[in-house]
Protein chains: 2
Amino acid sequence: MARPRSYDHDALRAATIRVARRLLEEGGPPALTARALARAVGATPGTVYAVFGNLNAVLLEVNRETFLELAAVIDAVPDGPAADWLDRLADAYVAFMLERRDVWRGLFEGPRETESFPPWYTELIDRLIGRIAAPLAELGAGPRARDLAEQLFVSVHGVVALAAIGRLDMVTARPAQALAREAVETTVRAIKAGPA
Amino acid sequence: MARPRSYDHDALRAATIRVARRLLEEGGPPALTARALARAVGATPGTVYAVFGNLNAVLLEVNRETFLELAAVIDAVPDGPAADWLDRLADAYVAFMLERRDVWRGLFEGPRETESFPPWYTELIDRLIGRIAAPLAELGAGPRARDLAEQLFVSVHGVVALAAIGRLDMVTARPAQALAREAVETTVRAIKAGPA
DNA sequence: GAACTATTTTGAACAGCGTTCAGGAACCGA
DNA sequence: TCGGTTCCTGAACGCTGTTCAAAATAGTTC
């Protein structure tokens with residue numbers, strides 16, 4: 001009753017996301033084009049659009065995978081004495097993001113402000129911040145742990161944001177990892193200074 | 001001996017920069033196109049290219065003006081007790097950037113990593129960090145004042161970076177200004193905790 | 001087997017982008 | 001009036017995301 005699909009759409013979807021990621025890694029956001037995607041998966045732009053609706057949806061899927069990987073990496077960071085634990089978290093986060101600069105840029109650059117974000121996006125960030133709050137609480141941050149974790153996350157985000165576009169050296173001579181660790185140290189010292 | 005210029009190139013240059021800024025404010029980076037610029041200044045794309053070489057140069061000039069304005073705003077922040085002084089600096093910075101979200105995005109998004117930055121760019125950032133280091137030194141940061149100023153700047157950058165693309169609320173319920181002030185407070189408290 | 005229907009896939013087309021550059025335009029000096 | 005010289009225009013190139021009429025391919029019915 002109908003022309004049968006010539007593609008396994010699930011497989012095509014997965015392949016497209018895989019290729020999208022490779023394109024991003026190799027050429028940054030400008031390399032992620034509908035035609036390049038289609039060519040690489042052996043289909044045509046129209047088919048990609050039939051599967052994803054638009055290019056942004058492809059990027060969103062890459063972001064999902066990236067975030068899931070990040071979550072796994074963060075979860076794999078062994079806990080320990082709170083200060084060391086935080087350092088390891090910071091190191092892992094910075095290293096992860098800088099190894100994927102261009103994918104990172106896809107995560108944080110550009111999209112419309114009015115766009116609403118899918119639940120997994122928010123949930124993963126929430127989880128990440130929870131992982132930061134744990135050692136902070138251990139250090140005696142008490143009820144402020146969550147707030148401080150948010151603050152620390154944003155600070156490290158600042159480091160990575162500048163490093164990912166190659167502009168951290170305009171602000172400081174220190175490398176990203178050092179700055180992230182110092183942000184951790186400052187937070188820890190502020191906690192040790194006692195309750196507000 | 002030659003066809004006379006039909007444009008005052010200095011005036012055309014200035015007008016182009018002015019229009020570029022308006023386009024950015026009204027429609028963000030995507031609105032800054034060669035044809036729109038040319039149309040708005042009553043010239044043709046070719047002429048714009050004759051004056052600026054390429055579109056990025058126009059963006060760079062807008063950035064220069066924005067940074068100069070920022071420098072003026074920061075210089076105008078009255079000093080006072082160090083903690084209040086820092087709060088005012090943070091407020092001024094955050095307010096300035098958020099009032100110019102789209103111009104801000106032009107400042108920090110996208111350009112090639114290999115690009116070298118003009119001296120005024122680095123100099124202005126240096127000046128900005130100097131302004132932050134002053135009250136920190138007053139608070140007893142000693143020789144660490146500069147390092148802490150860089151760190152604080154990067155932290156506040158993280159706040160603004162997320163706020164400018166409308167994603168700060170994915171991390172925290174607090175507004176940008178509050179987070180910036182808390183970054184200040186954390187830094188101050190870390191200093192008060194004594195030398196490292 | 002032919003016709004019809006339903007679905008999927010294609011790829012040309014559209015409007016726009018940054019950028020280039022052949023050639024028309026406009027002046028001066030001879 | 002005729003080069004010479006410079007300036008400016010705007011068509012053109014190759015690219016972009018996206019759309020959609022048409023082609024392809026199947027099952028079903030006559």
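Letters go in sequence order (proteins before strands), and every chain restarts at 1.
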Pairwise ring pair (Phe, Tyr, Trp, His ring centres under 6.0 Å) hits with a residue in residues 56-103 of chain A, at least two apart: A/Phe67-A/Tyr121, A/Tyr93-A/Phe153
Atom pair distance, as rounded to whole Å: CG in B/Asn56 and C1' in C/dT19: 13 Å
Single-linkage hydrophobic cluster A/Leu70~A/Val62, side-chain heavy atoms < 4.5 angstrom: no
B/Leu12 CG - D/dC7 C1' separation (whole Å): 12 Å
Please report, to 0.1 Å, the donor-acceptor pairs under 3.5 Å made by any side chain of residues 33-41 of chain A, with sequence neighbours excluded.
from: A/Thr33; atom 1: OG1; to: A/Ala36; atom 2: N; distance (Å): 3.1

Sorted by number, the residues of residues 31-41 of chain A with heavy-atom contact under 4.0 Å to DNA chain D: A/Leu32, A/Thr33, A/Ala34, A/Arg35
Length of the OH-P vector between B/Tyr49 and C/dC21, whole Å: 13 Å
Test: A/Arg127 and A/Asp75 ion pair at under 4.0 Å: yes
Interatomic distance, A/Leu55 CG vs D/dG17 P [rounded to whole Å]: 5 Å
Pair listing, side-chain hydrogen bond (donor to acceptor under 3.5 Å, both in side chains) test, anchored in residues 149-163 of chain B, at least two apart: A/Ser155-B/Ser155, A/Thr172-B/Glu150, A/Arg174-B/Glu150, A/Thr186-B/Gln151, B/Arg146-B/Glu150
Which pairs would a plain distance check flag for residues 16-32 of chain B, meaning a side-chain donor or acceptor within less than 3.5 Å of a matching protein atom at least two apart in sequence or in another chain?
from: B/Thr16; atom 1: OG1; to: B/Leu12; atom 2: O; distance (Å): 2.6
from: B/Arg21; atom 1: NH1; to: B/Glu69; atom 2: OE2; distance (Å): 2.8
from: B/Arg21; atom 1: NH2; to: B/Glu69; atom 2: OE2; distance (Å): 2.7

Spacing of CZ belonging to B/Arg5 relative to OG1 belonging to B/Thr47, to within rounding of 0.5 Å: 10.5 Å
Any protein N or O atoms within reach of nucleotides 8-11 of chain C? Criterion: under 3.5 Å, listing atom names and distances.
from: C/dT8; atom 1: OP1; to: A/Arg5; atom 2: NH2; distance (Å): 3.2
from: C/dT8; atom 1: O2; to: A/Arg3; atom 2: NH1; distance (Å): 2.9
from: C/dT9; atom 1: OP1; to: A/Ser6; atom 2: N; distance (Å): 2.7
from: C/dT9; atom 1: OP1; to: A/Ser6; atom 2: OG; distance (Å): 3.4
from: C/dT9; atom 1: OP1; to: A/Tyr7; atom 2: N; distance (Å): 3.1
from: C/dT9; atom 1: OP2; to: A/His9; atom 2: NE2; distance (Å): 2.9
from: C/dT9; atom 1: O4'; to: A/Arg3; atom 2: NH1; distance (Å): 3.4
from: C/dT10; atom 1: OP1; to: A/Tyr7; atom 2: OH; distance (Å): 2.6
from: C/dT10; atom 1: OP2; to: A/Tyr7; atom 2: OH; distance (Å): 3.1
from: C/dT10; atom 1: OP2; to: A/Thr44; atom 2: OG1; distance (Å): 2.9
from: C/dT10; atom 1: OP2; to: A/Thr47; atom 2: OG1; distance (Å): 2.5

Between P of D/dT16 and CG of A/Leu23, the distance in whole Å: 11 Å
Min side-chain heavy-atom separation A/Trp120-A/Leu60 under 4.5 Å: yes
